[in-house]
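Structure, as structure tokens:
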2 protein chains.
Amino acid sequence: MRIVVADCSVDYAGRLSAHLPRAKRVLMLKSDGSVLVHSDGGSYKPLNWMSPPCALTTLELEDEQHDAGIVEAWQVVHAKTGDKLIVSLFEIMSDSSHELGVDPGLIKDGVEAHLQELLADQIELVGDGHQLVRREYMTAIGPVDILARDAAGASVAIEIKRRGGIDGVEQLTRYLELMNRDPALAPVQGVFAAQEIKPQARTLAEDRGIRCLVLDYDAMRGMEDHNTLF
Amino acid sequence: MRIVVADCSVDYAGRLSAHLPRAKRVLMLKSDGSVLVHSDGGSYKPLNWMSPPCALTTLELEDEQHDAGIVEAWQVVHAKTGDKLIVSLFEIMSDSSHELGVDPGLIKDGVEAHLQELLADQIELVGDGHQLVRREYMTAIGPVDILARDAAGASVAIEIKRRGGIDGVEQLTRYLELMNRDPALAPVQGVFAAQEIKPQARTLAEDRGIRCLVLDYDAMRGMEDHNTLF
DNA sequence: CTATGCATCTCGCAG
DNA sequence: CTGCGAGGTGCATAG
């Protein structure tokens with residue numbers, strides 16, 4: 001990763017043509033060849049950029065560029081589309097490089113995890129008198145999202161998905177088969193809970209005696225906010 | 001603009017929860033309080049970020065944070081939504097600030113303008129023997145994209161859109177009404193040119209005697225490149 | 001001001 | 001690999 005702070009102008013020619021007049025900006029040059037041109041404001045979107053895969057080359061300066069005060073010029077060309085980004089540098093305020101290594105990447109305690117958390121807190125949404133046994137109930141083939149008990153004390157295994165598809169039903173089915181062999185749990189009722197359940201998945205689930213539950217994420221979140229105020 | 005290169009971990013809580021494990025990253029702190037967390041790869045989207053309007057505060061370190069090796073911690077809170085970004089810094093490799101000033105901003109020669117330019121250069125695409133009169137032909141209610149003459153010398157008004165919808169047809173219709181009252185121009189034939197014309201728009205246009213022309217942007221651009229080689 | 005549509009969108013998943 | 005939909009989308013324009 002190389003970071004250059006410089007007085008520069010930028011031209012882009014690709015899907016559209018764009019030009020950035022001369023000004024001080026931050027240029028971020030990533031090791032995959034990509035370039036971001038950032039100003040001191042706006043959101044995360046750069047003023048101009050080139051996405052990978054692309055290659056950066058330093059251009060030979062022509063006399064007139066030299067006369068115009070340009071001290072360095074880069075050409076960044078996209079490997080597939082041929083889109084071109086040309087950065088003309090008039091003055092370099094700072095130029096530094098850092099070895100960052102490969103990033104472990106973002107862990108999204110995404111919506112599914114959050115849904116699980118919310119439903120655990122609002123387990124009565126599954127049915128009156130239901131009580132939480134535990135989240136991530138471990139079985140031999142993996143964790144069931146939520147294990148609960150209904151008003152009569154019978155086991156309820158809940159699989160949570162953001163978008164409920166066939167494969168989610170299959171997954172829950174495997175858990176149910178296994179859990180129903182455990183005398184301490186059986187009989188186990190299955191509940192397939194999701195923000196959105198696809199018709200095919202609903203059909204398959206109901207055919208297997210699994211109950212479908214559509215979750216209203218915003219309402220659940222609102223409820224939570226009301227309870228805890230974050 | 002402050003740029004920090006540091007070994008850090010990042011947590012976000014807002015519409016979703018997200019966590020970035022400890023690693024070396026580039027932190028861009030803009031003067032409006034916004035923060036971008038970039039790794040050495042990917043596209044222009046940061047791994048994590050906070051958009052303005054927001055405010056950054058340095059947190060008092062608790063003992064256990066200190067014991068964990070954290071040397072500094074920032075909290076960035078969005079002014080409206082309350083979304084929170086927490087950056088825990090374990091080691092700071094580099095920390096520099098630069099005064100950039102206000103950016104003059106991006107000048108886009110957008111696709112519609114480019115299409116207009118290309119079609120003006122390749123006016124024969126409208127029909128054999130057509131000749132350009134002028135681009136941005138001014139009328140009392142605004143400029144017509146292109147005014148041309150057909151092989152017989154009759155006026156042709158061309159409205160150009162990237163995606164042709166109903167409103168584009170309405171716009172051209174207004175121009176045509178006005179221009180057809182001008183004896184020096186009348187009769188004026190209308191041409192609705194776009195990369196893609198929606199069925200409803202096509203129906204409306206043809207019902208009003210306006211000719212539809214689908215433009216192949218890439219082919220026109222290719223033609224241009226072939227002529228000028230950029 | 002909010003609502004709507006586009007984007008050099010980016011990103012991830014299903015088919 | 002390609003097409004489709006969602007996004008902490010961002011962004012400009014119309015109403």
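All figures in this text were calculated on a predicted structure; none of them were measured in a lab. Chain A is the first sequence line, chain B the second, and so forth, proteins listed ahead of strands; every chain is numbered from 1.
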Set of residues satisfying side chain to side chain donor-acceptor pair (under 3.5 Å) with respect to A:S39, sequence neighbours excluded: none
Any pair counted as salt bridge (charged side-chain N to carboxylate O under 4.0 Å, His left out), so long as it reaches residues 22-47 of chain B, sequence neighbours left out: A:D103-B:R25, B:D7-B:R22
Distance in angstrom units between B:W49 CH2 and C:dC9 P, rounded: 18 Å
Interatomic distance where CG belongs to B:L106 and P belongs to C:dC9 [whole Å]: 14 Å
A:K161 NZ to C:dG12 P, straight-line distance once rounded to whole Å: 17 Å
First of B:P46 and A:L47 reached from the 5' end of DNA chain C, by closest nucleotide: A:L47
Touch class at under 4.0 angstrom, heavy-atom based, for B:M50 against every strand present: base
B:R134 CZ to B:I146 CD1 distance, which is reported to the nearest 0.5 Å: 11.5 Å
Collect all protein-nucleotide pairs involving nucleotides 12-15 of chain D in which both atoms are nitrogen or oxygen and the distance is under 3.5 Å.
none

In residues 55-62 of chain A, what donor-acceptor pairs under 3.5 Å come from side-chain atoms, sequence neighbours left out?
residue	atom	partner	partner atom	Å
A:T57	OG1	A:Q75	O	3.4

Phosphate OP1/OP2 of C:dT10 contacted by A:S51 side-chain N/O (<4.0 Å): yes
Under the ring pair (Phe, Tyr, Trp, His ring centres under 6.0 Å) test, residues paired with A:Y137 that sit two or more places apart: none
Value in whole Å for how far the C1' atom of C:dA14 lies from CD1 of A:I166: 13 Å
Using atom names, set out every protein N or O paired with an N or O of nucleotides 1-6 of chain D below 3.5 Å, distance rounded to 0.1 Å.
residue	atom	partner	partner atom	Å
D:dA6	O3'	A:R162	NH2	3.4

Residues from residues 24-45 of chain B lying under 4.0 Å of DNA chain C - heavy atoms: B:S43, B:Y44, B:K45
Results of side chain to side chain donor-acceptor pair (under 3.5 Å) for B:T173 - residues two or more places apart only: B:R208
Side chain to side chain donor-acceptor pair (under 3.5 Å) involving A:S43 - partner list, sequence neighbours excluded: none
Spacing between B:I107 atom CD1 and D:dC11 atom P, to the nearest angstrom: 17 Å
Whole-Å distance separating the CG atom of A:D83 from the P atom of C:dT10: 11 Å
For A:R202, salt bridge (charged side-chain N to carboxylate O under 4.0 Å, His left out) partners two or more places apart: A:E206
Set of salt bridge (charged side-chain N to carboxylate O under 4.0 Å, His left out) partners for B:D95, sequence neighbours left out: B:R2
Pairs meeting criterion ring pair (Phe, Tyr, Trp, His ring centres under 6.0 Å) with involvement of residues 25-48 of chain B, two or more places apart: A:W49-B:Y44
Expected output: side-chain B:R181 to main-chain B:L176 donor-acceptor under 3.5 Å: no
